[in-house]
Amino acid sequence: KAGVTQTPRYLIKTRGQQVTLSCSPISGHRSVSWYQQTPGQGLQFLFEYFSETQRNKGNFPGRFSGRQFSNSRSEMNVSTLELGDSALYLCASSPQGAEGTEAFFGQGTRLTVV
Amino acid sequence: AQSVTQLDSHVSVSEGTPVLLRCNYSSSYSPSLFWYVQHPNKGLQLLLKYTSAATLVKGINGFEAEFKKSETSFHLTKPSAHMSDAAEYFCVVTFSGGYNKLIFGAGTRLAVHP
């Protein structure tokens, strides 16, 4: 069974641009969550989608958005990039919506904003 | 509010000696608790999870953790460290009603010396 796939793995963008990151969950998983990892703030929750609906959102500005498609694949978008958006963005998928189920992580997309 | 505190940012042990990584949580609800490991340039891998079954939880690679409600702790242990255990370890909590939002501790970097 293929794991969680995130594309691209690395990305360099300029301030002010926008970026879209993609996440393909494990087959059959309907919940997809996104996290931002930085040296200063650690791992922070961005949002979670289940069956195309955003169920939970972290404390990030509106520049961060996401969506989930009918095949459970998810994308996150960051508009008007700032230097502070440089981070490793991790996607996780879970088999169901139940709390306490294991989350499987992808290898992440490393975004550098210059 | 729910939070996780990892009491040590760095732990250094010799190969073959015991490992103890400490974690305390704060949650108003019945928590589910996890330990994840992150090797350099890799995604997060689940070591073990507690979801209100047995308080002593066994995980992969010889790790185990004990849930102590009275102390709000979930410390990770391993009897004998191996060089391959060198990585960053995250204590994570999620809670009923939080869907799949994971709240991460700041992480503990484990170094293993020959």
Side-chain angles (χ1 to χ4, degrees), chain A residues 2-7 9-10 23-26 29-51 53-60 68 72 74 87-110, chain B residues 1-10 23 25 27-54 57-60 65 67 74 87-109:
Chain A
V4 178
T5 303
Q6 291 188 245
T7 56
R9 290 289 312 280
Y10 302 91
C23 172
S24 294
I26 292 170
H29 287 194
R30 294 166 64 190
S31 171
V32 174
S33 304
W34 289 89
Y35 295 83
Q36 181 195 64
Q37 185 176 21
T38 60
Q41 299 298 317
L43 278 146
Q44 296 187 90
F45 172 78
L46 281 156
F47 27 66
E48 188 254 357
Y49 289 87
F50 181 78
S51 293
T53 299
Q54 186 184 89
R55 297 196 302 181
N56 210 341
K57 189 177 190 308
N59 295 324
F60 279 82
Q68 186 180 34
S72 294
S74 177
L88 180 66
Y89 290 88
L90 291 164
C91 166
S93 77
S94 298
Q96 301 175 53
E99 295 88 10
T101 55
E102 177 179 352
F104 295 81
F105 283 83
Q107 293 208 293
T109 294
R110 185 163 296 282
Chain B
Q2 288 70 36
S3 65
V4 176
T5 302
Q6 292 184 243
L7 300 169
D8 308 289
S9 58
H10 291 83
C23 171
Y25 70 91
S27 174
S28 303
Y29 308 92
S30 298
S32 294
L33 292 155
F34 308 81
W35 276 97
Y36 279 85
V37 61
Q38 187 176 35
H39 288 92
N41 299 316
K42 297 250 175 117
L44 292 154
Q45 181 184 21
L46 180 71
L47 281 177
L48 48 82
K49 65 179 179 181
Y50 165 78
T51 54
S52 76
V57 181
K58 293 188 185 299
I60 62 171
F67 174 72
F74 190 57
E88 185 137 26
Y89 291 79
F90 293 95
C91 182
V92 180
V93 65
T94 185
F95 54 93
S96 178
Y99 299 110
N100 287 317
K101 175 181 179 178
L102 302 180
I103 300 169
F104 283 80
T108 298
R109 185 164 297 280

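Chain A is the first sequence line, chain B the second, and so forth, proteins listed ahead of strands; every chain is numbered from 1. From a predicted model like this one, the values you see are computed outputs, not experimental measurements.
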Atom pair CD/CD1 of A:Q44 and B:I103 - distance to nearest 0.5 Å: 11.5 Å
From B:T94 atom OG1 to A:N56 atom CG, the distance as rounded to the nearest 0.5 Å: 9.0 Å
For chain B, the option from A:G108, A:A103, A:G58, A:S33 that forms the most heavy-atom pairs under 4.5 Å: A:A103
Residue part contacting chain A, namely of B:Y50, when any heavy atom lies under 4.5 Å: neither
Side chain / backbone / both / neither for B:Q45 at chain A, heavy atoms under 4.5 Å: neither
Chain B contact via A:L46 - which portion, at a heavy-atom distance below 4.5 Å: neither
Under 4.5 Å from a heavy atom of chain B, the part of A:R110 involved: neither
Heavy-atom pair of closest approach, residues A:Q37 and B:F90: NE2-CZ, 3.7 Å
Nearest heavy-atom neighbours spanning B:F104 and A:L43: CD2-CD1, 3.4 Å
Listed partners of A:F45 passing ring pair (Phe, Tyr, Trp, His ring centres under 6.0 Å), at least two apart: A:Y35
Test item: A:E102 and B:K49 side chains (from C-beta on) under 4.5 Å apart, heavy atoms: yes
Residues which pass salt bridge (Lys or Arg N to Asp or Glu O under 4.0 Å) with A:K57, listed by chain and number, not counting sequence neighbours: none
